[in-house]
Chemist: 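So that we are looking at the same thing, I have put the structure below in structure tokens.
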Amino acid sequence: FNSLNTLTTVVEEDPKKAVNYIRELSVVYRYVLNSQKLTWADLAAEMKFTQSYILLLIMRFEENLKITLDLCEEYLNYHILAMTAQLLIENAVKHNEISSTHPLEIKICCRDEKLIVSNNKQKRNIMPSTTKVGLHNISERYRFLVNKEVVIEDREDSFTVQVPLIRNIEEDREHIEEYL
């Protein structure tokens, strides 16, 4: 719904920008719908989706949100639970103040067979309602499916999540890239 509200504003202000926004929004929704049937996504597909999702956020928050994305090229043939990167970015946006005086900075990279998402921490004064299950679910699914740990570092000034990248998934499965 935030994306549709943003689209309304963009259409009124800049129709050409709105066309690009709609294009990226369709990529995001296609990925979301198709990923619901899958457990794993190739990191290449997840990064392509993440780029589209980031563009939507940048159009919404403009210069108040700074996202650095390393496309993790050496790990693009690895796998990750579908929608993990998006959930981690969404958590950062949801739980932190984003303003011209307090821009949110999110960094996404890969190192040592892990996807790492970190952000500066600037808690909102009024926190939105939350179920607090997103990170817990990701951690539990990695533990159950591949016996690997998700590392969460909650420091005073930063929040970082390290998600294992999986080289080989033994089970037969569809690849989400078929839908992109």
Side-chain angles (χ1 to χ4, degrees), residues 1-7 9-10 17 20-21 23-25 27-29 31-32 35 41-76 78-139 141-142 149-165 176 180:
F1 290 106
N2 288 333
S3 296
L4 293 174
N5 288 335
T6 301
L7 178 58
T9 303
V10 173
K17 187 175 177 183
N20 186 43
Y21 189 89
R23 192 174 298 118
E24 297 303 331
L25 187 61
V27 170
V28 167
Y29 281 118
Y31 188 92
V32 169
S35 70
D42 297 326
L43 187 60
E46 185 82 358
M47 290 294 97
K48 182 178 179 183
F49 161 68
T50 300
Q51 286 178 296
S52 291
Y53 182 68
I54 288 169
L55 286 172
L56 295 179
L57 290 175
I58 296 297
M59 286 187 202
R60 178 176 166 201
F61 293 105
E62 298 176 335
E63 67 277 351
N64 301 327
L65 179 62
K66 295 171 175 51
I67 301 180
T68 306
L69 174 62
D70 170 357
L71 292 179
C72 304
E73 292 185 16
E74 85 178 86
Y75 297 108
L76 290 179
Y78 283 58
H79 300 86
I80 188 169
L81 287 174
M83 303 288 298
T84 296
Q86 183 273 336
L87 184 131
L88 296 174
I89 296 167
E90 182 179 42
N91 275 352
V93 168
K94 181 177 182 179
H95 293 287
N96 289 282
E97 179 181 342
I98 304 174
S99 66
S100 58
T101 56
H102 295 95
L104 181 63
E105 296 180 25
I106 302 172
K107 295 178 180 147
I108 304 158
C109 66
C110 295
R111 186 174 58 242
D112 301 327
E113 297 187 352
K114 292 182 178 108
L115 177 76
I116 302 166
V117 178
S118 62
N119 61 273
N120 58 322
K121 201 159 125 185
Q122 43 200 34
K123 286 198 169 194
R124 291 176 160 206
N125 290 332
I126 300 172
M127 289 300 291
S129 63
T130 179
T131 57
K132 296 187 177 183
V133 296
L135 277 176
H136 178 74
N137 281 348
I138 289 172
S139 295
R141 289 177 72 200
Y142 268 94
E149 294 296 320
V150 172
V151 177
I152 301 167
E153 299 171 1
D154 190 357
R155 297 191 174 139
E156 188 174 323
D157 63 344
S158 67
F159 190 83
T160 302
V161 179
Q162 298 181 34
V163 179
L165 296 173
I176 199 162
L180 295 175

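Everything numeric in this text was worked out from a predicted model, so none of it was measured. Quick note: numbers below take in every heavy atom, side chains included, and nothing from hydrogens, waters or symmetry partners.
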Chemist: Could you check whether any side-chain heavy atom of V28 comes within less than 4.5 Å of a side-chain heavy atom of L56, counting everything from C-beta outward?
Modeler: yes

Chemist: Would you sort out whether L69 and M47 count as a side-chain contact (heavy atoms from CB on, under 4.5 Å), showing the intermediate values?
Modeler: CA-CA 9 Å; L69 174 62; M47 290 294 97; 3.9 Å; yes

Chemist: How close do L115 and L165 get, heavy atom to heavy atom, and via which atoms?
Modeler: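 So the two residues come closest at N-CG, 3.7 Å.
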
Chemist: Has R124 got a side-chain atom pairing as donor or acceptor with K94's backbone, closer than 3.5 angstrom?
Modeler: yes

Chemist: Looking only at non-hydrogen atoms, find the nearest pair between V150 and P164 and report the distance.
Modeler: CG2-CD, 4.0 Å

Chemist: Could you give the distance from OH (Y78) to CG (D42), rounded to the nearest 0.5 Å?
Modeler: 13.0 Å

Chemist: Is there a side-chain contact between T160 and V117 in this structure, where contact means two heavy atoms from C-beta onward sitting under 4.5 Å apart?
Modeler: no

Chemist: Between E153 and R155, does any side-chain N to carboxylate O distance fall below 4.0 Å?
Modeler: yes

Chemist: Check the pair F61 / V93 against side-chain contact (heavy atoms from CB on, under 4.5 Å), numbers first and verdict last.
Modeler: CA-CA 10 Å; F61 293 105; V93 168; 3.7 Å; yes

Chemist: Test side-chain contact (heavy atoms from CB on, under 4.5 Å) on F49 and Q86; report intermediate values, then the result.
Modeler: CA-CA 8 Å; F49 161 68; Q86 183 273 336; 3.3 Å; yes

Chemist: Which of these, N96, I67, V161, sits in a side chain to side chain contact (heavy atoms under 4.5 Å, CB included) with N119?
Modeler: N96

Chemist: Nearest 0.5 Å, what's the OG1-CD1 distance between T84 and I138?
Modeler: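 Rounded to the nearest 0.5 Å, the OG1-CD1 separation comes to 4.5 Å.
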
Chemist: For a 4.5 angstrom cut-off between non-hydrogen side-chain atoms, does M59 reach N20?
Modeler: yes

Chemist: Is it true that E97 and H102 share a donor-acceptor pair across their side chains at a distance under 3.5 Å?
Modeler: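 Checked: H102/E97 side chains pair up, N/O donor to acceptor below 3.5 Å.
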
Chemist: With no hydrogens and no angle check, is any side-chain donor or acceptor of D70 less than 3.5 Å from a backbone partner on C72?
Modeler: yes

Chemist: Taking the side chain as everything from C-beta on, heavy atoms only, tell me whether V32 gets closer than 4.5 Å to M83.
Modeler: yes

Chemist: Report, as yes or no, whether the 6.0 Å neighbourhood of atom NZ on K107 holds more than 12 heavy atoms from other residues, nucleotides or ligands.
Modeler: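 No, the 6.0 Å shell around NZ holds no more than 12 heavy atoms from other groups.
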
Chemist: So, D154 and K121, do they make that salt bridge, N to O below 4.0 Å?
Modeler: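 Looking at D154 and K121, the cut-off is met.
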
Chemist: With a 3.5 Å distance limit and no angle check, can you tell me whether Y53 reaches the backbone of I89 through a side-chain donor-acceptor pair?
Modeler: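 No: the side chain of Y53 does not pair with the backbone of I89.
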
Chemist: Where is the tightest heavy-atom contact between E24 and S52, given as atom of each residue plus distance?
Modeler: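 So the two residues come closest at OE1-OG, 2.5 Å.
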
Chemist: Hey, is the main chain of S100 close enough, under 3.5 Å, to the side chain of N64 for a donor-acceptor pair?
Modeler: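 Between the backbone of S100 and the side chain of N64 there is a qualifying donor-acceptor contact (under 3.5 Å).
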
Chemist: Starting from the C-alpha separation in whole Å, work towards a yes-or-no answer on side chain to side chain donor-acceptor pair (under 3.5 Å) for E46 and Y31.
Modeler: CA-CA 9 Å; E46 185 82 358; Y31 188 92; 2.4 Å; yes

Chemist: Could you tell me the separation between the OG atom of S139 and the CG atom of L81, rounded to the nearest 0.5 Å?
Modeler: 10.0 Å

Chemist: Quick one: pull up CZ in R141 and NE2 in H136 and give me the separation to the nearest 0.5 Å.
Modeler: 12.5 Å

Chemist: Could you give the distance from CD (Q122) to NE2 (H95), rounded to the nearest 0.5 Å?
Modeler: 14.0 Å

Chemist: Does either side chain, that of E113 or that of Y75, offer a donor lying less than 3.5 Å from an acceptor on the other one?
Modeler: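 E113 vs Y75: no donor-acceptor pair found between side chains.
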
Chemist: Could you measure the distance from the CG atom of L43 to the CD atom of E74? Nearest 0.5 Å is fine.
Modeler: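 Rounded to the nearest 0.5 Å, the CG-CD separation comes to 11.0 Å.
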
Chemist: Check N120 against P103 and note the closest heavy-atom contact, atom names and distance.
Modeler: ND2-O, 3.3 Å

Chemist: Start with the C-alpha gap between L88 and L135, add the side-chain angles, then the distance that decides, and say whether side-chain contact (heavy atoms from CB on, under 4.5 Å) holds.
Modeler: CA-CA 8 Å; L88 296 174; L135 277 176; 3.4 Å; yes

